[in-house]
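To start, the structure itself, in structure tokens.
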Amino acid sequence: MYRALVLLVIACPCALVIATPVTLVSGLTAAARRGIVIKGGLYLEQARQLRTLAFDKTGTLTTGRPTLEAFQVIDGRVPITLQQQWAASLASRSDHPISRAIAVALDDERLPVEALKALGGRGVSGEIDGQTLRLANHRWVHELGLCTPDLEQAMAAHEQRGRSVSLLTDAHGVLALIAVADQPRATAAAAITGLRQLGLTPVMLSGDNARTAGVIADRLGIEQVRSELLPEQKLAAIAQLQAQAPTGMVGDGINDAPALAGAAIGVAMGAAGSDTAMEAADVVVMDDDPQRLVELIRLSRCTWAVLWQNIALALGIKGAFLVLTLLGTATMWQAVFADMGTSLLVIANGLRLRRQQWA
């Protein structure tokens, strides 16, 4: 009877049950202290499995605060002051970083815009004083058949310098070329290097033109670049990458939301990101620092290692005392130690994540 009671105390599964949640909660707490909000222990566990990480460009790898570099009149039949008013009025009705840069730089009187339409991956259109106007990117202007050799040459000159080009058009053609430049984040290159060292492959998925995306990718050391992607094309690209290896997506805008939701793990930039992107993502980086992605992967792997340490401790200690009980040498006090002591041990081991130098 005594031996049976000792065996019953040793067999209590408290330590084994505690091993997983205390480790995950400790990992989630450690991440939150570093400005990484993870929406559940599942995503903390799965982050270690990622082999490919896809990045949006504007606002993710770049600062998301582009500045106006050039306003070039293409068709002079409309005065430049009126063109700038039109461009500023359309840009002020959009949340895209490029539109915000245009609106801030062209500090002109805003005109009422009617029938406003925002087309993801293309631009915005609306009616001002009865005129149908568009603030369009290179893709949309090409689809409208408004590109000419001279216009292509003018856009290429800006795009080769890493600038993003928007074009103001009316019903008759292109009125003006507007070029803005967005600089890479200070820590982006180091983050890409750190991810490579961890065995991950960085990929850029951008809605910007090929030349501009290529320039930024070269600066950061990203070899795989897919440009001029619409939101649904980003989602398709994520699906293709997912078929090859577990893939995460990092973005900040409304256009990135489908890809964030479709990836194994979606990571949104929280400081400058849209509410839609943060809602669709599984992880939110509150300070928009790409280095946090390196920390996320390291924390996930460290959490997994500690989790298995706890399971091994719980099973190992209880197994050893189980053998001693069957041999008739274990006492009730030893059984209590095997139960409560092991529980305290796995808790202490799990809490190491809160202060461990995993970053």
Side-chain angles (χ1 to χ4, degrees), residues 56-59 62-76 78 80-108 110-111 113 116-128 131-148 150-183 206-216 227-231 252-256 272 274:
D56 173 51
K57 180 180 73 69
T58 304
T62 62
T63 61
R65 295 186 295 273
T67 55
L68 182 66
E69 299 292 330
F71 190 100
Q72 182 179 343
V73 175
I74 303 298
D75 190 334
V78 178
I80 184 173
T81 53
L82 184 56
Q83 289 188 20
Q84 291 179 339
Q85 271 190 314
W86 286 349
S89 300
L90 288 172
S92 64
R93 304 295 294 275
S94 172
D95 291 332
H96 195 279
I98 292 177
S99 295
R100 290 200 298 264
I102 295 172
V104 170
L106 300 178
D107 190 17
D108 296 298
R110 304 293 190 260
L111 301 174
V113 180
L116 181 73
K117 294 181 181 179
L119 280 76
R122 290 180 173 87
V124 295
S125 67
E127 293 183 5
I128 301 178
Q131 298 240 35
T132 300
L133 302 170
R134 301 181 189 88
L135 194 59
N137 63 9
H138 191 162
R139 170 199 286 273
W140 197 8
V141 171
H142 184 76
E143 291 175 352
L144 293 170
L146 300 178
C147 283
T148 63
D150 290 341
L151 181 60
E152 289 282 0
Q153 184 176 0
M155 287 190 288
H158 290 286
E159 291 168 354
Q160 288 171 355
R161 299 174 66 180
R163 296 174 177 176
S164 298
V165 174
S166 297
L167 299 150
L168 178 66
T169 74
D170 64 3
H172 304 288
V174 177
L175 296 172
L177 181 154
I178 308 168
V180 301
D182 194 7
Q183 299 301 318
S206 175
D208 214 336
N209 65 83
R211 294 191 187 93
T212 302
V215 169
I216 299 298
S227 56
E228 301 181 13
L229 299 178
L230 298 175
D252 72 309
I254 295 176
N255 293 343
D256 303 319
S274 68

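The chain is numbered in sequence order, starting from 1.
- Checked against side-chain contact (heavy atoms from CB on, under 4.5 Å), Val104 has no partners two or more places apart in sequence or in another chain.
- Remark: Glu127 CD to Lys117 NZ distance equals 9.0 Å, nearest 0.5 Å.
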Test side chain to side chain contact (heavy atoms under 4.5 Å, CB included) on Gln84 and Leu106; report intermediate values, then the result. CA-CA 6 Å; Gln84 291 179 339; Leu106 300 178; 4.1 Å; yes
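- Side-chain contact between Val78 and Trp86 is present, with at least one heavy-atom pair separated by less than 4.5 Å.
- Distance check, rounded to the nearest 0.5 Å: CD1 of Ile98 to CZ of Arg163 gives 13.0 Å.
- Partners of Gln131 by side chain to side chain donor-acceptor pair (under 3.5 Å), not counting sequence neighbours: none found.
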How far apart are the C-alpha atoms of Thr62 and Lys57, what are their side-chain angles, what is the distance that settles it, and do they pass the side chain to side chain contact (heavy atoms under 4.5 Å, CB included) test? CA-CA 6 Å; Thr62 62; Lys57 180 180 73 69; 4.1 Å; yes
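- Between Ser99 and Arg93, every side-chain heavy-atom pair lies at or beyond the 4.5 Å cut-off.
- Put simply, CD1 on Ile102 and OG on Ser89 are 12.0 Å apart, with the number rounded to the nearest 0.5 Å.
- The nearest pair of heavy atoms linking Gly64 to Pro97 is O-CB, 3.5 Å.
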Please tabulate, for the side chains in residues 65-76, all donor-acceptor contacts under 3.5 angstrom to protein atoms that are two or more places apart in sequence or on a different chain.
residue: Thr67; atom: OG1; partner: Glu69; partner atom: OE2; Å: 3.1
residue: Asp75; atom: OD1; partner: Arg77; partner atom: N; Å: 3.1
residue: Asp75; atom: OD2; partner: Arg77; partner atom: NE; Å: 2.7

Side chain to side chain contact (heavy atoms under 4.5 Å, CB included), that's the test. Do Gln85 and Thr81 meet it? Break it down for me. CA-CA 6 Å; Gln85 271 190 314; Thr81 53; over 6 Å; no
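- Smallest separation of non-hydrogen atoms from Leu135 and Ala87: CD2-O, 4.1 Å.
- Atom OG1 in Thr169 sits 7.0 Å away from atom CG in Leu133 (nearest 0.5 Å).
- In this structure, CG on Leu168 lies 7.0 Å from CG on Leu90, to the nearest 0.5 angstrom.
- Considering all non-hydrogen atoms of both residues, Ser94 and Val124 come closest at CB-CG1, 3.9 Å.
- Distance check, rounded to the nearest 0.5 Å: CZ of Arg100 to OG of Ser92 gives 12.5 Å.
- Put simply, the side chain of Thr212 does not reach to within 4.5 Å of the side chain of Asp182, judged on heavy atoms.
- Between Leu144 and Arg134, the closest side-chain pair of non-hydrogen atoms falls below 4.5 Å.
- Not a single side chain to side chain donor-acceptor pair (under 3.5 Å) links Thr58 to another residue, sequence neighbours left out.
- Annotation for Ser125 and Trp140: closest pair CB-CH2, 3.9 Å, computed over non-hydrogen atoms.
- Residues passing the side-chain contact (heavy atoms from CB on, under 4.5 Å) test with Arg211 are Ala156, Glu159, Gln160, Asn209, sequence neighbours excluded.
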Begin from the C-alpha positions of Leu167 and Leu151 and carry the test side chain to side chain contact (heavy atoms under 4.5 Å, CB included) through to its verdict. CA-CA 10 Å; Leu167 299 150; Leu151 181 60; 3.9 Å; yes
Would you be so kind as to tabulate the donor-acceptor pairs closer than 3.5 Å made by side chains of residues 172-181, with sequence neighbours excluded?
none

